[in-house]
Amino acid sequence: MNALSIRSIHGRQIFDSRGMPTVEAEIVLHNGVRASASVPSGASTGRFEACELRDNLAEYHGKGVSSAVNHINTPIQEALVGESCDDQWTLDNKLMVLDGTQNKSKIGANAILAVSLACAKAAAKAYGLELFRYLGGLQANTLPIPMMNILNGGAHAGNNLEIQEFMIVPVGAHSFTEAMKMGTEIYASLRNCLKKKGLSTGIGDEGGYAPDLNGDEEALSLLMEAIQLAGYQPNYDVKIALDAAANEWYKNGHYIFPKLQKKITQSELKGYWEELCQKYPIYSIEDPFAEEDFPGFSELTASLGGSVQIVGDDLFVTNPDRLRQGISSLSGNAVLIKPNQIGTLTETLSTIRLAKEHGYGVILSHRSGETEDTTIADLSVAVNAGQIKTGAPARSERVCKYNRLLKIESLISGSEYPKK
Ligand SMILES: C=C(OP(=O)(O)O)C(=O)O
Ligand SMILES: [Mg+2]
């Protein structure tokens with residue numbers, strides 16, 4: 001036993017931004033330090049993600065988390081009490097051995113991740129360090145460029161649009177603070193554009209507007225208009241990023257646009273992305289094809305990858321084995337990092353390291369169902385990811401991550417901001 005050893009672990013149910021139950025874990029150390037972490041939840045989830053354990057009982061429409069919470073309070077607590085909170089690899093390895101399955105379906109990746117992150121937070125506190133500094137050391141100095149999802153579509157907005165996320169990326173900013181200024185101004189001018197056209201300013205799951213439009217190109221035109229109305233130059237100051245979440249379009253061996261209910265072949269879809277990239281200043285496309293369509297990713301990377309970021313989310317699910325498959329088949333050139341897709345901090349860091357070693361871009365990401373936990377903000381700086389996507393600059397479960405980054409920027413003298 002030492003001051004850093006874990007005295008107790010407590011799990012509890014809290015609620016996410018969609019009003020669904022999720023898991024929080026609290027760790028108390030022998031020296032009295034306490035820290036807690038909570039886990040988010042996706043809507044457009046990949047089949048290869050680690051298992052989010054749900055009770056499957058009538059209450060909460062089958063989405064309760066009492067078994068995951070019980071797993072924290074009994075087997076996890078028994079396995080980790082007395083361990084030192086700063087030995088992350090050992091802690092995470094014990095959690096994986098305790099679970100014993102490939103996809104963490106016995107204990108639940110939600111239970112495991114909450115504890116894994118809470119341990120890191122407790123260790124940072126015990127050392128008197130900010131989380132990004134504890135995780136990243138002296139070299140953690142780069143703030144990420146925010147990819148702000150200001151127009152919501154797909155599964156996050158009742159399929160009002162085919163594409164799930166229309167994001168603005170303030171590439172012309174010189175600091176994170178300036179990027180936030182640009183993003184929030186454009187978000188406000190998009191609201192004005194929508195109002196002027198008599199369109200709804202209601203919002204989707206990630207805080208972006210969710211109007212019923214005639215198609216994805218109308219959404220892209222609106223983004224261009226909002227950027228200009230706010231006084232910025234598309235392409236030069238602000239680029240556009242998309243998350244198609246095309247896995248949601250793939251049913252029984254075919255791609256079908258969910259709104260138009262129109263079938264589209266893989267090669268037509270590739271042509272669609274190429275056309276959009278010619279017409280608009282698109283900097284990044286996430287999940288342009290389904291989670292098993294490595295060939296589709298690889299063909300698009302060959303055609304657009306020299307100038308456009310092709311991101312694997314459902315394709316890679318933050319899993320080093322899936323990313324290795326992508327690296328060897330030249331599928332995509334960037335990975336989305338969602339810690340709850342894999343379930344431990346150690347594995348998340350391994351996937352990030354692998355991506356960097358092979359020249360893949362790294363984007364830390366929230367989920368569509370979020371909590372007030374800001375770990376991904378710290379993680380993005382800790383690993384110098386250079387990019388984060390955490391929704392619209394509105395709704396507190398998104399804004400808390402942006403606000404945390406503003407604070408981190410003010411804490412790092414000589415902080416860096418990437419040039420794109
Ligand atoms: C954040 C996303 O959505 P979800 O959390 O629903 O998977 C995404 O697809 O990138
Ligand atoms: Mg995605």
Side-chain angles (χ1 to χ4, degrees), residues 16-20 22 38-52 54 63 109-110 113 144 146-167 169 203-208 210 240-250 258 273 282 284-293 296-297 309-319 322-323 326 331-332 334-343 348 351 361-371 373 375-377 379-380 385 387-392 395 397-398 401-402:
D16 72 16
S17 55
R18 276 192 283 250
M20 298 310 290
T22 190
S38 57
V39 294
S41 177
S44 57
T45 48
R47 189 156 72 82
F48 300 99
E49 293 192 21
C51 170
E52 179 184 81
R54 297 280 178 186
K63 299 273 187 184
N110 40 357
L113 183 68
M147 301 164 84
M148 298 172 168
N149 181 10
I150 62 171
L151 249 183
N152 292 186
H156 295 166
N159 289 326
N160 57 329
L161 293 162
E162 320 290 359
I163 292 174
Q164 179 180 279
E165 299 172 23
F166 295 82
M167 295 170 273
V169 191
I203 57 175
D205 285 359
E206 297 189 352
I240 291 173
L242 303 173
D243 178 5
N247 199 47
E248 299 289 310
W249 304 351
Y250 197 69
W273 299 128
I282 293 173
S284 178
I285 309 176
E286 180 182 326
D287 284 353
F289 296 96
E291 65 195 355
E292 303 214 56
D293 198 349
F297 268 84
Q309 180 170 255
I310 309 293
V311 186
D313 169 14
D314 292 341
L315 183 77
F316 297 141
V317 290
T318 315
N319 182 318
R322 304 264 318 163
L323 180 58
S331 305
V335 58
L336 200 75
I337 298 291
K338 292 167 165 171
N340 81 323
Q341 286 181 323
I342 186 76
T348 303
T351 305
V362 172
I363 307 158
L364 263 293
S365 173
H366 66 159
R367 300 306 306 245
S368 50
E370 263 298 334
T371 72
D373 191 292
T375 305
I376 58 163
L379 205 44
S380 71
Q387 300 175 83
I388 191 167
K389 76 162 197 175
T390 188
R395 285 181 61 147
E397 78 279 3
R398 319 286 152 189
K401 279 77 163 172
Y402 292 127

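Both ligands and their constituent atoms are indexed starting at 1 by order of listing. On a predicted model such as this, the values are computed, not experimentally measured, just so you know. Just so you know, residue 1 is the first one in the sequence shown, and it goes up from there.
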*Can you tell me how far the CG atom of L315 sits from the CD1 atom of I310, to the nearest 0.5 Å?*
11.5 Å
*asked:* Run the side-chain contact (heavy atoms from CB on, under 4.5 Å) test on N159 and E248 for me, step by step, so that the C-alpha distance in whole Å, both residues' side-chain angles and the decisive distance to 0.1 Å come before the verdict.
replied: CA-CA 10 Å; N159 289 326; E248 299 289 310; over 6 Å; no
*asked:* Holding to side chain to side chain donor-acceptor pair (under 3.5 Å), I want the full list of residues that pass it with R367, two or more places apart in sequence or in another chain.
replied: E49, N340
*salt bridge (Lys or Arg N to Asp or Glu O under 4.0 Å): which pairs involve residues 151-167, sequence neighbours left out?*
E165-K389
*asked:* With heavy-atom distances below 4.5 Å as the criterion, would you say the side chains of D293 and Y250 are in contact?
replied: no
*For the Mg ion (ligand 2), report each protein N, O or S atom nearer than 2.8 Å, sorted by chain and then by residue number.*
D243 OD2, E286 OE2, D313 OD2
Starting from the N and O atoms of ligand 1, collect every protein N/O partner closer than 3.5 Å and put each pair on its own line with the distance to 0.1 Å.
residue  : atom   : partner : partner atom : Å
ligand 1 : 3 (O)  : H156    : NE2          : 3.3
ligand 1 : 5 (O)  : R367    : NE           : 2.9
ligand 1 : 5 (O)  : S368    : N            : 2.8
ligand 1 : 5 (O)  : S368    : OG           : 3.3
ligand 1 : 6 (O)  : A43     : N            : 2.6
ligand 1 : 6 (O)  : S44     : N            : 3.0
ligand 1 : 6 (O)  : S44     : OG           : 3.4
ligand 1 : 6 (O)  : H156    : NE2          : 2.8
ligand 1 : 6 (O)  : S368    : OG           : 2.6
ligand 1 : 7 (O)  : S44     : O            : 3.1
ligand 1 : 7 (O)  : S44     : OG           : 3.3
ligand 1 : 7 (O)  : K338    : NZ           : 3.2
ligand 1 : 7 (O)  : R367    : NH2          : 2.8
ligand 1 : 9 (O)  : S44     : OG           : 3.3
ligand 1 : 9 (O)  : Q164    : NE2          : 3.0
ligand 1 : 9 (O)  : D243    : OD2          : 3.2
ligand 1 : 9 (O)  : D313    : OD2          : 3.1
ligand 1 : 9 (O)  : K338    : NZ           : 3.4
ligand 1 : 10 (O) : D243    : OD2          : 3.1
ligand 1 : 10 (O) : E286    : OE2          : 3.0
ligand 1 : 10 (O) : D313    : OD2          : 3.0
ligand 1 : 10 (O) : K338    : NZ           : 3.1
ligand 1 : 10 (O) : K389    : NZ           : 2.7

*So do M147 and S365 actually touch side chain to side chain, heavy atoms under 4.5 Å?*
no
*Side chains of D373 and T371: donor-acceptor distance under 3.5 Å anywhere?*
no
*How are the rings of F316 and F297 set relative to one another: parallel (under 30°), tilted (30 to 60°) or perpendicular (over 60°)?*
tilted
*Run the salt-bridge test on E291 and R322 with the 4.0 Å N-O cut-off and return the result as yes or no.*
no
